[in-house]
Amino acid sequence: MSMSSRSLEALIAEFPEEKEAINNLDNFIKEAESSPKELFFDIDRLFNKSHFSSFYVLVDIIQRLVDQGLIKKIIRIESDAGGGIKDFDSMLEIPPVINDWRTGLDYKVDLNKLHVLYKIKK
Amino acid sequence: MNIDNFVLEILGELNFVVNEEKIEFIKYKTDNLEEPEKSKVINLIELGIAKGPGFLQSKHVVVLIHGIRTHASWQGIVKSELSSHQNIHVYDIGYGYFDGFRFWFPFYTRNKPINTITSKLRRIQEKHPEEPITVIAHSFGTYIVSMILERCSDIKIKRLLLCGSIIQDDYDWVNINCPSSIVNEVGLKDYWPVAAKVSSWGYGCTGSFGFKNPDLRDRYHDLDHSEFFTLRFIRQFWIPYVIKGQLVPSPFDERRPNPPWFISFVSIFPFKTSVLAALATISWVLLTRYL
């Protein structure tokens with residue numbers, strides 16, 4: 001479910017300097033949608049694929065895509081042993097203590113273990 | 001609310017909060033916010049935590065160029081508001097008091113302010129070689145910057161914002177040192193550009209009617225020559241443009257009223273030619289009568 005041509009045009013009209021980057025991002029989303037696997041990307045990957053002039057602009061554009069339901073933001077807490085423990089929709093939902101099923105221990109959430117990921121919705 | 005500064009402040013304060021209390025601290029700091037600011041702040045905090053606050057801090061330089069017969073108090077308002085953003089460095093540059101006669105006279109008198117601003121822009125560029133420069137020009141300042149773009153290929157302007165523009169509508173944006181992005185704020189109640197065009201040479205009324213040129217974007221507002229310089233306008237239209245190149249649409253872009261008929265008439269009537277023809281006729285009559 002990539003951007004409709006109308007929303008793509010509206011986005012380019014509002015950010016004309018980022019026309020190429022917006023098209024790159026749209027193409028990247030289309031490619032990801034055609035993958036049989038569920039794919040997650042962090043902002044660095046999206047930035048490197050699209051070549052926006054700054055992260056600041058990309059954050060704004062990504063939020064539009066989240067609001068349109070094209071991508072979903074996920075906040076993933078990582079285990080000390082490596083790998084994700086649990087996903088949340090927002091940082092505000094994260095409890096102070098979380099069960100790390102990889103180690104079998106409860107641990108107090110360390111925000112340094114927080115990863116922001118984006119999932120392309122099919 | 002200045003969202004960027006608020007987020008940077010929270011990210012800074014988080015360094016002094018124990019790990020276990022950081023989420024509660026963020027909830028506390030954002031509790032009083034309303035949507036959509038709250039979501040925006042949370043998004044930026046999440047990314048700031050994941051990537052570090054540096055990703056928010058791309059630097060920008062903004063240069064303000066004023067019009068004539070003024071020491072441009074508007075520059076203070078605009079500078080104060082833009083400077084409140086940590087990432088924006090503002091220069092308000094001038095060329096001294098420029099009277100109406102020198103503005104009107106089409107030969108020589110306009111060069112000094114052009115040279116003065118050129119010199120100051122070069123110095124700013126030397127001081128900030130890596131940072132993109134946005135120029136906000138008003139009235140005669142728009143004429144100055146158009147001349148600089150024609151003459152000086154070494155001055156690199158990333159974004160150009162014009163208001164009360166008196167640049168001619170057939171100005172060749174293609175074959176000059178063109179900025180990456182140009183926005184022309186058109187004041188639907190701004191009649192001064194029309195007065196400049198009909199009274200002198202070398203000026204246009206693009207601040208009243210727009211350029212209607214695909215190389216730049218006309219943005220229409222129900223404002224007069226100096227009503228652009230309000231905090232509300234600056235925050236709504238200029239901050240997003242300076243920081244992100246974002247062109248927030250104006251409600252008048254699609255539903256703009258037609259200008260008063262007399263303004264349209266004045267803008268196309270050949271006043272200068274008529275006055276010159278009348279003067280030539282009177283001179284000829286007097287010469288033939290008394291010689």
Side-chain angles (χ1 to χ4, degrees), chain A residues 9-22 41-47 52-67 71 73-78 80 87-98 106-118, chain B residues 3-4 7 11 14-15 17-31 35-36 38-60 85 87 132 158-159 179-183 214-217 240-241 243-249 253:
Chain A
E9 276 174 24
L11 210 48
I12 290 173
E14 197 170 338
F15 294 93
E17 295 173 36
E18 309 289 350
K19 180 178 176 180
E20 193 177 328
I22 292 170
F41 305 99
D42 64 13
I43 196 163
D44 283 328
R45 179 92 170 127
L46 293 174
F47 185 80
F52 278 90
S53 61
S54 71
F55 279 103
Y56 202 90
V57 182
L58 176 57
V59 163
D60 217 335
I61 302 284
I62 285 176
Q63 187 54 46
R64 308 288 178 99
L65 301 182
V66 169
D67 293 340
I71 61 178
K73 183 187 73 173
I74 289 163
I75 309 296
R76 178 165 293 172
I77 303 296
E78 287 217 336
D80 283 336
D87 293 344
F88 297 90
D89 289 341
S90 163
M91 184 179 55
L92 298 180
E93 296 173 2
I94 301 171
V97 176
I98 199 167
D106 288 343
Y107 92 110
K108 289 176 182 167
V109 175
D110 181 352
L111 288 188
N112 293 327
K113 297 289 187 184
L114 179 157
H115 286 267
V116 181
L117 298 171
Y118 299 94
Chain B
I3 287 178
D4 299 346
V7 169
L11 291 173
L14 277 174
N15 291 324
V17 177
V18 296
N19 256 341
E20 297 83 6
E21 293 172 14
K22 283 185 176 177
I23 293 178
E24 287 307 307
F25 176 78
I26 293 167
K27 286 180 184 174
Y28 162 72
K29 291 290 278 188
T30 58
D31 197 42
E35 296 295 346
K38 187 168 187 171
S39 294
K40 191 162 187 183
V41 166
I42 298 295
N43 282 337
L44 289 173
I45 291 173
E46 286 163 349
L47 284 162
I49 290 169
K51 281 196 63 65
F55 95 103
L56 272 176
Q57 291 171 316
S58 58
K59 302 284 184 191
H60 302 269
H85 289 256
N87 304 337
K158 182 172 171 66
R159 294 178 186 135
S180 306
S181 167
I182 308 163
V183 175
D215 295 316
L216 59 93
R217 168 82 169 263
Y241 182 64
I243 294 179
K244 295 180 280 189
Q246 182 182 1
L247 297 178
V248 176
D253 280 342

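Throughout, protein chains are lettered first and strands after them, A, B, ... in sequence-line order, and every chain is numbered starting at 1. Note that these values count all heavy atoms, side chains included, but never hydrogens, waters or copies made by symmetry.
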Specify which of Lys27(B), Lys158(B), Glu21(B) makes the most heavy-atom pairs with chain A at under 4.5 Å.
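The option with the most such pairs is Lys27(B).
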Please rank Gly245(B), Pro249(B), Ser39(B) by heavy-atom pairs under 4.5 Å with chain A and give me the top one.
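Option with the top pair count is Gly245(B).
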Mind running side chain to side chain contact (heavy atoms under 4.5 Å, CB included) on Tyr107(A) and Ile98(A) for me, showing each step along the way?
CA-CA 6 Å; Tyr107(A) 92 110; Ile98(A) 199 167; 3.4 Å; yes
Contacting region of [X] [heavy-atom separation from chain B under 4.5 Å]:
X	result
Ile43(A)	side chain
Leu92(A)	both
Gln63(A)	side chain
Asp44(A)	side chain

Contact winner vs chain B - Lys108(A), Lys113(A), Met91(A), heavy-atom pairs under 4.5 Å
Met91(A)
Could you grab the distance from atom CG of Leu46(A) to atom CG of Leu58(A), nearest 0.5 Å is fine?
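Those atoms lie 6.0 Å apart.
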Find the distance between CG (Leu111(A)) and CD1 (Ile23(B)) and round it off to the nearest 0.5 Å.
4.5 Å
Would you indicate whether Glu93(A), at its atom CD, is surrounded by more than 12 heavy atoms from other residues, nucleotides or ligands within a distance under 6.0 Å?
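Correct, the count exceeds 12.
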Let's go through Asn43(B) and Lys73(A) carefully: what are the C-alpha distance in whole Å and the side-chain angles of both, what is the deciding distance for side chain to side chain contact (heavy atoms under 4.5 Å, CB included) to 0.1 Å, and is it a yes or a no?
CA-CA 9 Å; Asn43(B) 282 337; Lys73(A) 183 187 73 173; 2.7 Å; yes
Can a donor-acceptor pair be found, under 3.5 Å and without considering hydrogens, that links the side chain of Arg217(B) to the backbone of Ala13(A)?
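Between the backbone of Ala13(A) and the side chain of Arg217(B) there is a qualifying donor-acceptor contact (under 3.5 Å).
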